[in-house]
Amino acid sequence: MPRQKLRDAAFILPFFGLILIMPPFVDIFFSTRLLGGIPGILLYIFGVWTMLIVLGAILSRRLITDGDAAETPPRPMQPPPQQERPDADR
Amino acid sequence: MLTADVVVTIALCYVGLLFLLAFLSDRWSRRGNNWIRNSPLLYTLSISVYCTSWTFYGAVGSAARNGLEFITIYLGPTLVFLGWWYLLRKLVRIGHVNRISSIADLISSRYGKSNTLAVIVTLIAVIGTTPYIALQLKAVTTSFEVVSGGRGDLLGNLSGDGTGFDAALWVAVGMALFTILFGTRNLDANEQHPGVVAAIAFEALVKLLALLLVGLYVVFSFGGLENLFSEEMSKRLLERENVFGSRWAVLTFLSATAIICLPREFQVTVVENARESHLRTAGWLFPAYLLLICLFVLPIAAAGLTRLPEGANPDMFVLTVPMAGNQEMLALFAFIGGFSSATSMVIVACIALSIMISNHIVMPVVLRLRWLGLYDSGDLKTLVLFSRRFSILLILFLGLLYYRLSAQTEALAAMGLIAFAGVAQFLPSLLAGLYWRQATARGAKLGLIAGVLLWAYTLLLPSLAEDGTFFADTIAHGLFGLEMLRPEALFGLTGFDPLVHAIVWSLTANTALLIAGSLFSEMAPLERLQSALFVDAFRNAPGDESRALVRSAAIDDLRLLSRRILGSDKADRLFLDFAQRQGRDDGVPVADNAFITHLERQIGGNVGAASARVMISEVVSGETISFDEIIRMVDETQQVIEYSQALEANSRTLHQTAAQLRQANQRLMRLDNEKDDFLSQVSHELRTPMTSIRSFAEALLKADEMPAAQAKRFMGIIHDESLRLTSLLDDILDLSHLESGEVRWQVEHLDPESAVTNAIAACEGLATETGVVITCTPSAAGPVVEGNRDRLSQILINLISNAIKYNDSPDPRVHVACEVHSDGWQVHVRDNGPGAGDVEPDQLFSKFARGWRQIAKGRSGTGLGLAISAEIARRHGGELALTETSDNGSCFTLTLPLAP
Amino acid sequence: MANGGTGKLGARILIAEDEPNIVELLTFVLQRAGCEIRSVSDGEAAIAEIRRDPPDVLLLDLMLPRKDGYEVLKAVRGSATHAALPVVMLTAKGQEKDRKVAESLGVDVFITKPFSNQEVVDSVLKLART
């Protein structure tokens with residue numbers, strides 16, 4: 001996936017999650033019936049939650065391999081070498 | 001049965017373990033072993049300081065009382081962390097670049113390093129956090145009593161006696177010791193505490209493990225989930241009225257806000273962050289941690305409700321459920337888990353608050369109150385450390401005091417959400433600071449103050465009044481007895497959950513005032529600069545603001561100042577590094593803008609941006625803020641975007657222009673060719689009669705004995721050709737005028753068929769001469785067109801005379817027919833001559849069309865007649881066309897629009 | 001048809017020209033020079049006439065209906081039997097490029113209208129003699 005699309009996906013993911021856990025969606029899946037001993041609504045919420053985590057993990061990995069790790073400088077204990085700015089005296 | 005002694009011993013051992021862990025981690029880190037700072041896993045675990053004892057015990061309690069609602073507290077942070085790329089990453093980047101030491105520092109820094117704002121934020125944080133600390137102390141003492149059998153029953157209800165307070169006191173003392181030891185051990189260039197982080201991360205594992213073990217025990221002891229959740233239990237736990245109503249949404253929102261705005265969360269997520277890339281892991285791992293924490297909450301609640309007697313305190317189910325199954329070791333481990341979650345929260349909250357208090361309240365006071373002599377007394381570093389330690393003690397003391405004063409469980413239990421709502425007031429200023437350039441300090445102050453006042457009035461006050469002793473009157477009947485001002489139904493807004501009600505009012509007022517205040521106040525130059533740095537955090541390189549901030553200082557003054565704050569070693573190293581970077585051999589950096597800015601940041605990492613600015617201002621001279629530079633920084637992104645758009649647009653325009661030029665060039669070349677052709681044609685047409693004139697004249701001159709009749713004939717030819725030459729020149733001039741649009745003729749409304757009649761009359765002579773019969777059928781409609789009578793006649797005469805002249809049929813006829821229809825008025829001139837042959841219609845109407853000459857039998861035409869006629873028709877808004885042509889004749893049609 | 005001219009008696013000339021006045025004029029001056037004249041008014045007729053009875057000299061107008069002077073010239077030069085037929089080309093198109101084309105096609109004399117009668121007569125007689 002191109003970089004911009006990945007970022008767009010990263011932007012949309014939380015909103016996608018929000019929609020799924022807010023009414024009316026969550027209302028649709030409200031059920032106290034037991035499925036394998038677990039109330040239906042719990043299955044839904046934990047299912048959505050797991051899916052979001054998996055998607056988030058995939059996205060995070062892709063955002064790394066996309067080569068922008070270079071733009072995240074580690075926070076140094078010592079002051080970072082600051083680039084000389086020739087125009088600093090302007 | 002576990003005795004108090006055993007529990008205390010175990011707890012002490014655990015605390016000892018924590019001290020050891022923190023001590024070792026600190027030492028490793030000091031020796032340059034950075035595994036703690038380099039581990040995204042530890043970073044993620046430290047963020048889970050979010051899960052306090054309020055989670056550990058309270059989640060199960062909340063689930064037993066309110067069903068699913070507890071889960072919102074974990075869904076909000078999940079969403080925020082899933083969206084780390086946009087919000088958290090920006091926060092962390094800004095935190096790194098500007099050496100932000102706390103959320104108060106962030107907000108103050110963004111709004112022009114305003115200390116007033118920092119103080120407001122700090123006070124709100126203290127007000128919101130103190131009861132929360134009290135809640136942790138309470139949880140520890142209560143759980144201690146429960147697990148040690150201080151109250152032998154399994155109800156888990158609290159005693160209000162003195163032993164609880166004693167325990168709380170000792171816990172507080174222990175935590176103060178830990179926090180002071182590892183939280184204020186030194187003043188680093190940044191507020192990072194590897195020892196604390198390691199201990200917190202360890203505690204995060206312990207509490208998760210404890211909760212999971214209790215959960216697994218519950219599931220196994222019931223023989224599987226299906227025995228735990230009966231249909232009835234499922235209904236009892238989950239089926240509530242309006243589960244997913246406004247409270248569901250507001251709680252999700254609040255928890256999402258809290259994960260950013262809680263001082264302790266800000267501390268671990270932003271301040272303690274060592275690498276931006278750690279967010280990549282935390283972005284999904286922290287939500288996974290929260291999911292695991294929540295996994296067994298409902299089963300434990302169900303087990304508690306099933307196994308424990310009616311009236312048991314659900315908040316203690318995590319302990320009492322294993323105890324009811326005689327699992328004392330498990331209960332003990334659960335107690336340690338709860339202890340972990342409480343202590344980790346207290347430790348981090350104390351560190352975060354102490355930084356805020358010392359940086360934004362103590363230091364500014366010291367800096368102002370010169371007469372105290374503290375500022376000039378040399379070692380400011382010790383002063384800062386001292387004020388930190390003092391702040392920690394103060395905070396814990398406040399927590400204890402609060403705990404002592406409000407022993408009521410209910411008042412404390414509600415405190416978690418009330419604290420969330422309090423710190424949520426930071427959100428508008430924070431988000432506006434990150435994304436809205438025009439947000440000003442004035443707006444932020446107004447919004448924060450209004451939000452907090454409303455929060456205190458609508459939420460804090462009623463919670464304090466719950467036991468009926470304080471403010472009961474105000475709650476019931478409103479301030480001053482005004483019903484409109486009832487805290488839980490402000491301005492008549494009733495029918496809402498008190499929390500929703502308070503959030504709606506406080507955040508609405510907060511946001512509205514922030515926006516209004518920003519719109520109606522001017523930004524100070526420094527504010528504008530900081531706004532540019534924050535909003536464009538991903539564009540401006542570190543040190544960019546030195547472009548805009550012009551100042552100078554004596555290097556010795558700077559060295560003195562930094563030694564006093566950073567310590568001699570650190571300050572000297574910093575100066576040496578910078579001198580190297582500037583390429584200076586003597587180890588003394590030049591005090592240029594970049595260096596002063598760098599230094600201010602380093603100092604700001606210790607004492608906060610506002611204080612650092614005050615200190616630096618003491619030693620620099622001639623500070624000016626270059627407004628142009630700020631504007632340039634703000635505009636750069638804009639400019640780059642606009643520039644590339646402009647480039648794109650330019651190249652598009654160039655393309656179009658090139659295409660147009662190419663077309664124009666082609667047209668010009670065509671015109672040039674036409675002109676050449678035309679000239680060549682004119683030349684040819686002129687040369688032909690001239691040849692006759694010259695040659696016949698020559699023959700006449702040379703021939704001596706020419707018969708008179710022949711001489712006369714020759715002279716006749718010369719005469720005719722001269723006339724032809726003249727009319728040719730006239731036509732050329734006429735056409736060229738027509739084409740250039742120079743000819744103006746009078747336009748009138750006229751009946752075109754009268755022009756037809758005129759033309760036929762004019763051609764009668766020629767027709768009779770050549771024996772051609774002209775017939776005419778006029779239209780019955782009596783049409784009116786706009787035009788010039790003479791010019792229309794000219795066209796028709798040309799058409800009719802051509803039809804006559806070129807008609808070689810044995811029975812030559814010309815028929816003129818007029819008609820009116822939708823296109824306008826039409827006249828058809830039809831002949832039974834030889835037709836135009838295979839001549840292209842285009843060519844036919846061009847100048848000196850050759851088509852007719854091929855069949856010409858007379859020589860009176862100039863070859864320009866049709867071109868002129870077509871041009872006249874065009875100038876009338878009409879059209880002249882060859883509509884039919886065959887061997888049996890041809891038909892020309894003139895169409896003119898009817899007059900409106 | 002001898003008429004007391006200075007030229008070779010009985011030189012047979014074909015005039016291909018669509019302007020009747022010019023035909024009349026050329027006929028007049030060349031007959032006076034002692035030539036025998038035939039005339040046609042378009043290109044195809046000219047070729048047909050040459051095939052039927054080749055003249056001594058062809059006087060060819062450039063702008064002819066049906067087939068223009070160039071095509072006639074090409075046909076003449078390309079034919080097996082009378083490729084050597086002397087051709088005088090007359091044209092009202094006075095441009096240099098027309099002359100070049102005509103010369104490349106093998107015209108013998110190229111005369112621009114308006115012309116001097118004497119020039120035409122001289123050229124025709126000279127060609128008729130060879």
Side-chain angles (χ1 to χ4, degrees), chain A residues 6-7 9-18 20-27 30-34 36-42 45-46 48-50 52-61 63-64 68-69 71-85 87-90, chain B residues 68 71 75 78-86 96 188-190 192 224-229 231 234-235 237-239 243-245 248-249 252 273-277 280-281 283-285 287-288 291 295 298 541-543 546-547 550 573-574 577-578 581-583 592-594 598 602 626 629:
Chain A
L6 274 177
R7 291 182 179 182
F11 182 73
I12 286 163
L13 184 65
F15 293 98
F16 173 63
L18 187 70
L20 289 181
I21 60 161
M22 281 294 141
F25 272 94
V26 79
D27 274 327
F30 185 82
S31 154
T32 54
R33 294 248 323 278
L34 298 180
I38 304 168
I41 181 66
L42 279 191
I45 287 187
F46 280 97
V48 166
W49 204 342
T50 310
L52 289 176
I53 290 166
V54 170
L55 287 179
I58 292 170
L59 267 182
S60 282
R61 255 158 224 281
L63 282 165
I64 289 177
D68 50 78
E71 69 188 47
T72 66
R75 186 174 187 165
M77 288 296 258
Q78 296 306 318
Q82 202 165 0
Q83 11 168 215
E84 254 309 293
R85 292 186 69 92
D87 55 349
D89 285 327
R90 279 196 306 195
Chain B
L68 261 185
I71 222 165
L75 287 177
T78 296
L79 295 180
V80 170
F81 268 79
L82 286 174
W84 63 276
W85 182 264
Y86 285 89
H96 283 186
D188 275 326
N190 38 55
Q192 295 193 344
L225 280 172
E226 52 274 23
N227 301 328
L228 197 53
F229 289 114
E231 292 278 350
S234 172
K235 274 198 168 47
L237 270 177
L238 300 173
E239 205 148 87
V243 194
F244 306 116
W248 177 269
T252 308
N273 176 288
R275 286 168 194 277
E276 212 169 285
S277 60
R280 296 175 192 287
T281 308
W284 62 271
L285 192 57
L291 183 139
L295 203 54
L298 277 168
S546 62
R547 285 160 53 189
V550 181
R573 207 162 52 226
L574 195 151
D577 282 352
F578 212 92
R581 222 175 305 146
Q582 287 179 339
D592 59 7
N593 294 324
H598 180 61
Q602 296 296 318
S626 159
E629 275 298 333

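Chain identifiers are assigned alphabetically (A, B, ...) following the order of the sequence lines, protein sequences preceding nucleic acid strands; residue numbering begins at 1 within each chain.
In terms of heavy-atom pairs under 4.5 Å with chain B, the best-connected choice from A/P39, A/P24, A/P23 is A/P39. Among A/L13, A/L52, A/V26, the residue with the largest count of heavy-atom pairs under 4.5 Å with chain B is A/V26.
The structure places CD1 of A/I21 at 6.5 Å from CH2 of B/W248, a figure rounded to the nearest 0.5 Å. The structure places CD1 of A/I45 at 11.5 Å from OG1 of A/T50, a figure rounded to the nearest 0.5 Å.
Heavy atoms of A/I41 lying under 4.5 Å from chain B belong exclusively to its side chain. For B/L228, no part lies under 4.5 angstrom from a heavy atom of chain A. Using a 4.5 Å cut-off between heavy atoms, B/L298 touches chain A through its side chain atoms alone. Neither the backbone nor the side chain of A/I12 comes within contact range of chain B, judged by heavy atoms closer than 4.5 Å. Using a 4.5 Å cut-off between heavy atoms, A/L42 touches chain B through its side chain atoms alone.
Heavy-atom neighbours of A/F25 CZ from other residues, nucleotides or ligands within 6.0 Å: at or below the threshold of 12.
B/W84 and B/F81 have their aromatic ring centers separated by at least 6.0 angstrom.
Taking the six-membered ring for Trp and thresholds of 30 and 60 degrees, A/F11 and A/F15 have ring planes inclined between 30 and 60 degrees apart.
Nearest heavy-atom pair across B/E276 and B/H96 is N-CE1, 4.0 Å.
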